[in-house]
Structures are given as structure tokens and as C-alpha cells.
Amino acid sequence: MGGAYWIASYPKSGNTWFRIFLQNLRDDAAAPADINRLRISTYPANRLWLDATLGFDSGDLTASEIASLRPAAHEWEATRHDDVQYWTIHDAYGVTPDGLPLIGGNGILGTVYILRNPLDVCLSYANYTGLAVDAIIDLMTDPVKTISRDGDGLRLRVQQSLLSWSEHVRSWTEARGIKRLVIRYEDMLGTPSETFTAAAQFLGLPAEAARVAKAIRFSSFKTLQHQEQQGGYVGRLRGGGAAFFHRGGIGTWKGRLTDEQVRRLLGALGGTMARFGYPGDN
Amino acid sequence: MAHSYRIHELTIRSELDLALPETPAGERPPDVVIEYAAVPSEPPPELTRVAAFAAAGSGDFWLEVPPLARYRVVEGRRILVDPRPNANPSGLRLFALGSCFGALLHQRGILALHGCAIRVDSGCMIVAGHTGAGKSTVAAAFMQRGQRVLADDVVAVDAAGRALPGVPRIKLWKDSADQLGIDTAQLNRIRPSMAKYDVPLGERYCPAPLAVRWIYILTTHTAANCRIEPLSGRAAFQPLFNEVYRLRYVKPFGMLESHMQRCSELVANSRVARVYRPAANGQPGELAGLLLDAIAATGKTA
């Protein structure tokens, strides 16, 4: 039957963890899935994926030309396979200048949107990139932020429109006409059984209690950290900072962000945070 | 006015200015004609969609690059270009020389690989790899070290296992040019709004076909050093076959088996290795030197 679901999130919000869960859920194997062989999902902002899907080199096109072509690439790829695809996206939800939704129309089955306390996101993003926390705060509060800009050189991911953390959340949670399930990272950790079962049901995947429980266990942070220590992780940023699976908890920002940094984040993002139950001192 | 060129050992007459050194028009009909003509907005129904904007069938190829033009490549002899109103010729020629010429080579039964070809003594080395692997940068580094370059981006290999002289220029992003100390102020941009430049090969172009003796498949890794891993037999075939230019086009052209055969012959008749370079802070000059040293160390005859 085919089609594609998007797994959407701001970076460092649990997208990889969620996809590892999906791989384990689908495999239902005797041992945890290899984090370096996640066949279940792909990342359509990857230039190699996009070039193969378009049929020509995007490296000879401008960023705005590429942005206009992405919806058609998503639709074509979503409708040509017999099995269901699961795709990661970090862009904010948006439409092209031609009015086409970035995610595509035909063949797009729905979106799971994952969000996480931006104070924890901030710390995780700084660890991932090796950038200073203040630079990450600038990034997270920039209302027109884009990532992977080609500029003077080719990036292996095409330009993505991130916006600020608040605008990102609003773009996905308020978008009209898309079938969506919104889940919080904190609930994936705090009430895993309910949260992952609801996600599996939304995605049309097996959701029997024992199978979901095993997939959660095989995707535990300890397991992922152990695998990364043993064999590395392909998703770790080259030239970046700490391990990909670094802390992963709730409230990791406490004692690590300064009062001033917390104040800046709350000042810019507090309104949206409160809507999703993130008071900033929990 | 028609322009005349010789690329991949084919004589070309083109209504589209390819912005390359021209050759005198011969008396014999050209091997390839590039002309402006209407191309249908949808691919003919007998073609198979191989990508969102490309379709291929026996001797026929349809391509749309939505911001610029539609193209059709017929029987390995004609490239039709149907530009959008006001499309800049710089963009039109990029895709004529890239995807369209790749399709044309496949239609003619000539193996096209994604890579660059560098002359080494009386033979040549191919450095193949995916987009962003660093092929063009290393080609420019070889050029700076005094090596002659046969082709960049698309390398055509004939039935005798020879790499053919291709488009006599390298397309280089500004950051790569800066890394190599190439002054971009004197160079033409590939498109007016992009920081990517045409580097003419000039005297460093090798205009003669050369036997392929060494093939390096370029990959990035997270380690800080370059590493070379020799490959042979089946372990060499698949990575090489993966570097066939626009592999998705090949099957509908009916060229899958002959291209597999051609890759097998290349593996049998040349030394193949995978070369890993650091993803961060790559030193293209160092990599070029390493490959030449590796060739010298293994003996110059494969």
C-alpha cells in the first residue's frame, strides 16, 4: 500500500530514540537493533537521497530552488514503494512559495511530532555540536533560523528552515490539514508504555503490550549508550562535541545552565513552553 | 549560431553555448546534436519514471529541472533543450553536460562513472565517489600538483577500458577553492547566484583516452587520517558499481548487464581500493599526494 509517515521534531528532541524504538518494534527480534543500521527510516533532507529522488544534482541549484522541489520529491518517493516509509524531518512545517506543503501531499499518511523541554534541548544541542550554550540560545531564539546553508560550500544536507524553538513547535502543532500525533520526550521517559503504544497505534504498527515493552527495553538509554561506546554512532556530528547518547534525561539543564541563560530562554520561549507543561523549573 | 565541441571522444554541434573551448566544425556529421526544441511537459507513456523528474526507456530519456528547462535525450545522438522563459544559459548547460550527457553515454553503451580521472604516467586513475565525497576538490589538488585531468564529475569508460577525456573544467565551491589557494576572483560562477566556480583545466587537460589502471572509491570517515583499503573481486565490484552515474537510468536503457560486465572488467584489469578521508578539515593536497605515493608503492603497472 505504501505511503510515508513523518517523524518530526526540533533537533535533539528524541527523534533518533523514537526511530530506534520503531526499528525494535518492527523487528521484534531477540536482541536490540543495531543503532548504526536503522533501516526503518531515512532523512529526506539528505542530499544523496534528494538527488536520487529528483533525478539530477541539487548541488547546481540554489537553496530556494531546492526548497521548491522538495514536496514533489517527497510525494514521488512516498507513492512508489509497497511498504510504509518513516521519515525524519527537522524543518519547521511550512509551504513553498508555490503554496505546496513541504512534507508533500499524496502518499503522506501522517506526522508524529515530538517535543522536549527546550532547556534540556539547549544543553543537548550544545553537547552535540560542541558550540557554546549562548550560541545555541541565539540559534533557538532566532525566528528565521535555517540550518545547513550551502553558502560557500556544499552541505550533505540541504538547507532546512528551523525557525525558533517556539515557532517550530507552533508550526507543527497548529498546522491545518495534517494528521498528527504530538508526543513529549518527557512522556516517552515518564510514561513509556502509554506514550509508545499510542504512537505505534497511530503509525499502524503492532501495539501488543509485550511487543511494545520489549521494543522500549531494547531502546533504553543505557542500551543505546552501550552500543555507542562499543561501536560509535553514525549520527554523531563530525568534529562535534560529546557522545550522541550523552545524558538523555529530564532536567539535565539544572545546575548546567546559568540563571541568565535560563532567563533568556524563558523570556523568548516561555509562552510556548507553558502551553506544553514546561514551566522551566520542573 | 552553432558551436562545436569534442567531449568524451564525441563530436558535438550545439545551439546551446556550453562555454567550453570550441573545436573546428568537422566535415562529417557530428556524433551528437544539442538543439532547442519543444519537450512535452510529461514524459511519453512508454517511458519508466526513474525519479520524480526523470523518465527513461529504450533510447529515450526525459528530464525536467523545473526552475530551468525540460530536456530529452534520444538514441545517444540528440539532446533537446526546452528552456523556461528567461532561464539563464549557465543553468541550462550544467544539466545538459551533467544528467543529460550521463544519459546519452549510457544510451551509447558507454559506462559513465561518478568521479574524476587523472593521468598517471601512461595510464589513469579514477577517483569515484558520491556527491560531497570530495572528488572535484581532489581533482583540483592533482591539477595543482602538475597532473593532467581527463574528466571531472562524469567519467566515460569505453569498451576497451579507457577513460575518455570529458568536460575540460572542474566545478569547485568557494570553500574548496579557498582551501587550495585558488583565487576565485578571476573565475566564472557556474550560476550567477552561487558560490561555485568553473575552473578551466587549460593546459592541465588531458585530451587523449587512457587505460584505467587505478580506481579509488572516496569515502569520508570520522578519523583524523586518510586510510587506503585495497579491494578485489566481489568486494571491489559492488562499491564500483554503486558509483555508476545515475544508476537508476541504466536499467530502462537496457544497459544493466553490459555495464555490470564493464565494471567486472575494470575490477579485473585495475587496482581498486577504498580511500577514507577525514570528513572534517580534509587536506586535499595531502590526499592527492597519498594516492600518488600509493600508486608508486604498488608499482606503476597494474
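Residue numbering restarts at 1 for every chain, and letters A, B, ... go by the order of the sequence lines. These values consider heavy atoms only, across backbone and side chains, with no hydrogens, waters or symmetry-generated copies. Note that the structure is a prediction, hence the values are computed from the model and not measured.
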Handout entry: Aromatic plane relationship, B:F53 with A:F56 - under 30° parallel, 30 to 60° tilted, over 60° perpendicular
Key =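 Taking B:F53 first and then A:F56, their aromatic rings sit tilted (interplane angle of 30° to 60°).
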Checking [X] against chain A: side chain, backbone, both or neither under 4.5 Å from a heavy atom?
X: B:D178; result: neither
X: B:Y245; result: side chain
X: B:V50; result: backbone
X: B:L247; result: neither

Exercise for the section: May I ask you to name which of B:R246, B:K174, B:H130, B:E64 has the most heavy-atom pairs under 4.5 Å with chain A? Expected result: B:R246
Handout entry: Residue selection (most heavy-atom pairs with chain A, distance under 4.5 Å) from B:D153, B:V65, B:T184
Key = B:V65
Problem - Test: B:R93 and A:D60 ion pair at under 4.0 Å - result: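 Salt bridge between B:R93 and A:D60, a charged N being under 4.0 Å from a carboxylate O: no.
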Practice task
Please answer whether the main-chain N or O of A:A52 pairs with a side-chain N or O of B:R248 as donor and acceptor at a distance below 3.5 Å.
Solution key: yes
Of all heavy-atom pairs between [X] and [Y], which one has the smallest distance, and what is that distance?
X: B:M194; Y: A:L61; value: CE-O, 3.4 Å
X: B:T131; Y: A:L156; value: O-CD2, 3.4 Å
X: A:R155; Y: B:D175; value: NH1-OD2, 4.1 Å
X: B:A52; Y: A:A73; value: CB-CA, 4.3 Å
X: A:G55; Y: B:A54; value: CA-CB, 4.4 Å

Problem - A:R149, CZ atom: more than 12 neighbouring heavy atoms under 6.0 Å - result: no
Practice task
Flag yes if more than 12 heavy atoms outside A:K222 fall under 6.0 Å of its NZ atom; otherwise flag no.
Solution key: no
Handout entry: Residue pair A:D57 / B:L94, side-chain heavy-atom distance below 4.5 Å
Key = no
Problem - Gap separating the CG atom of A:L154 from the CG atom of B:L172, nearest 0.5 angstrom - result: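 Between A:L154 CG and B:L172 CG, I get 11.5 Å after rounding to 0.5 Å.
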Exercise for the section: Check whether A:L54 gets within reach of chain B through its side chain, its backbone, both or neither, counting any heavy atom under 4.5 Å. Expected result: both
Handout entry: Among A:R80, A:E75, A:E77, residue most engaged with chain B (heavy-atom pairs, under 4.5 Å)
Key =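 Option with the top pair count is A:R80.
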